[in-house]
> 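Here it is: the structure, laid out below.
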Number of protein chains: 2
Amino acid sequence: METVGRMAGVSQVTVSRALSDPSKVSPATLKRIQEAIAVTGFVPNALAGALASRKSKLISALVPSITNIVYSAMVKAFSDRMRGHGYQILLSETGFDPHEEERLISTHLSRRPDAIMLTGIHHTAQARKMLLGTGLPVVELWDITDTPIDLCVGFSHIGAGRGVAEFAIGAGYRTAGTVSAGDERALRRKDAFAAEFLKAAGSPVDEVNFEGPASLARGREGLRLLLEEKGFERGVIFCSSDLLAHGVLIEAAARGLRVPDQIAVVGFGDQDFAQHVAPSLTTVRVDRASLGMAAADAILARFEGGETPAVTDLGFEIIRRGSA
Amino acid sequence: METVGRMAGVSQVTVSRALSDPSKVSPATLKRIQEAIAVTGFVPNALAGALASRKSKLISALVPSITNIVYSAMVKAFSDRMRGHGYQILLSETGFDPHEEERLISTHLSRRPDAIMLTGIHHTAQARKMLLGTGLPVVELWDITDTPIDLCVGFSHIGAGRGVAEFAIGAGYRTAGTVSAGDERALRRKDAFAAEFLKAAGSPVDEVNFEGPASLARGREGLRLLLEEKGFERGVIFCSSDLLAHGVLIEAAARGLRVPDQIAVVGFGDQDFAQHVAPSLTTVRVDRASLGMAAADAILARFEGGETPAVTDLGFEIIRRGSA
DNA sequence: TTGTATGCGTTATCAG
DNA sequence: CTGATAACGCATACAA
């Protein structure tokens, strides 16, 4: 800025002003400054700016996985909205591990973000403490709780599991199984489904649970295990993701099982392919884009200083198609 | 650090040393410093550190889309590798738009990253100029060229299109069509395929091109257009992504067309589902994880100062399955 | 409308 | 092994 200023015949501060608020500088000098910037190829140092102003214009975001469409779609909506307001996103992957999340929170905090977005409501005690200590806006996404760290935007996973059970009972199914993979939230949905189904239909639910990420292969394997190991013969299968559900459909087709007559399938997520597979997939729709935008809006509202509801429940919707 | 130092009975500088290189501080004072840090919950300010040291430990990464598995898988591999060496990734989405990319390069540069990763080899002249001006390591991923800005890791899209044509000819197909969506690279593959196929088989290739992102729906629509508008009756269809190819398979099944006898399908990407759909999908495999890691390694090598090959061609592989 | 002085929280350099 | 001092490049408060 010093150099640019000299070229334009003004001081460093005036250059700073021209960049942050052009209206505070006379049109004539503004023009000279802009020319000097163009000539020198000057790019302001946001590091120094953030240090001096104590505002980094950086938002830190932590998600379990960036290759999983569920989270990447949320992050996309979140970061698009934030970018529109001049913020950049520092994104990292926790791999579903709270301790890794804790480590990442610490390194992210060292960059002095203006706010933090976390996935889910389960964090280590130390993580909560660090976050609370900073006094920064924090939004927990993709789940809801009565005791958020600060803000919270999501839906009830227990409600979703229960809702699918009610749907299944209503549709006439009296036996059920589950195929689940991955995170704690999927397990909560599954448990809620199993409890509700048992209560209403009186029959216990056969479960197959995988460690780690969902995949088509695991969906196929899930149905195989249900049939060959668990003695499952017919009924509805609630999968923790559409991907697993698709795998179950493929395996069912390979075995010549009729869907939904013998095997009915309910997925989770309503991904693009859900309506195109054969038979089309009955699933739980969650509006990932709205979730991401609502999280961004919550943070922006906090920046504005106005009143912000601590918890935003965006709910879910059961989409009935051909598979159940 | 001042506060922590006072608690530990040392100066601020010693705290800085304890953090950056513990071996430069006596074990006794190191211990006292660590205790003080634990008590105060001190988190170092990386902004100030970066400003003073001129090293941000930040790598900027620009991809067309973060929700597209092709790019997110590369970024994941890239950032995992980088994180292992203490670097964080500042990620943004260009939406396949070179001008948006140019704007983003500018804002990213203001954060003073230690290196930059870009997708593809097509950038605005202004963008090249800015990048060259910084003297930072720059790696262009997912394509190759003889004239990289700095480093370049990828494969030949023209080679891939040509390779698929050779494969198709070798497999006995004499008529062909294409269904493409999205970016300039997909079009280059398509063009190379069409040119090579025409040369070898003597028959022109019917093309359907979509603006914007690929989807199952567009794959289905693509086959419909090929059949109903282009007069395509039988032969092989080269799709610019597995997603489109899957859509073509679904539409073919819906129309009762036999695959691969009437309609043969070749995808691109070898995504997870490719081997599980029915019939399983013949496709072009690109090792996204290796690409991401190689890009990271290229940057790390440049940091080390050693000799680094400017261009790394990781190639591709045609995976023959049931659909062609 | 513009300029001066000062501080943001580190690291680098040089002494001791 | 430790400390004092000077940058790093900008924004803020205050003055002119």
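Keep in mind that the numbers below use all heavy atoms, side chains included, and drop hydrogens, waters and symmetry copies. Just so you know, these numbers come straight off a predicted model, no measurement behind them.
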> Earliest and latest nucleotide of DNA chain C, 5' to 3', sitting under 4.0 Å from a non-hydrogen atom of chain A?
C:dT1 to C:dG9
> Does some side-chain heavy atom of B:L90 sit less than 4.5 Å from a side-chain heavy atom of A:Q88?
yes
> Is any side-chain heavy atom of B:I33 less than 4.5 Å from a side-chain heavy atom of B:V4?
yes
> Just how large is the angle between the end axes of the helix from C:dT1-D:dA16 to C:dG16-D:dC1, five pairs per end, to 10 degrees?
30°
> Output all residues satisfying side chain to side chain contact (heavy atoms under 4.5 Å, CB included) with B:D287, sequence neighbours left out; order by chain, then residue number.
B:A289, B:S290
> Do the non-hydrogen side-chain atoms of B:N68 and B:P213 ever get within less than 4.5 Å of each other?
no
> Backbone N or O of B:L62 within a donor-acceptor pair of the B:T119 side chain at under 3.5 Å?
yes
> Is any side-chain heavy atom of B:P148 less than 4.5 Å from a side-chain heavy atom of B:I121?
no
> Could you give the side-chain donor-acceptor pairs of residues 17-24 of chain B under 3.5 Å, partners two or more places apart or in another chain?
| from | atom 1 | to | atom 2 | distance (Å) |
| --- | --- | --- | --- | --- |
| B:S20 | OG | B:S16 | O | 3.1 |
| B:D21 | OD1 | B:S23 | N | 3.3 |
| B:D21 | OD1 | B:S23 | OG | 2.8 |

> Using a 3.5 Å cut-off and no angle test, enumerate the donor-acceptor pairs between side-chain atoms of residues 39-54 of chain A and protein atoms at least two apart in sequence or in another chain.
| from | atom 1 | to | atom 2 | distance (Å) |
| --- | --- | --- | --- | --- |
| A:T40 | OG1 | A:A36 | O | 2.8 |
| A:T40 | OG1 | A:I37 | O | 3.3 |
| A:T40 | OG1 | A:F42 | N | 3.3 |
| A:N45 | OD1 | A:L47 | N | 2.8 |
| A:N45 | OD1 | A:A48 | N | 3.1 |
| A:S53 | OG | A:G49 | O | 2.9 |
| A:S53 | OG | A:K55 | N | 3.2 |
| A:S53 | OG | A:K55 | O | 3.4 |

> Would you call B:E100 and B:R103 a salt bridge, using N to O less than 4.0 angstrom?
yes
> Would you say D:dT2 has OP1 or OP2 under 4.0 Å from some side-chain N or O of B:T29?
yes
> Within the structure provided, determine whether A:V70 and A:W142 are in side-chain contact (heavy-atom separation under 4.5 Å).
yes
> Each nucleotide in nucleotides 6-11 of chain D should get exactly one letter: B, S or -. Can you fill that in based on protein heavy atoms under 4.0 Å?
--BBBB
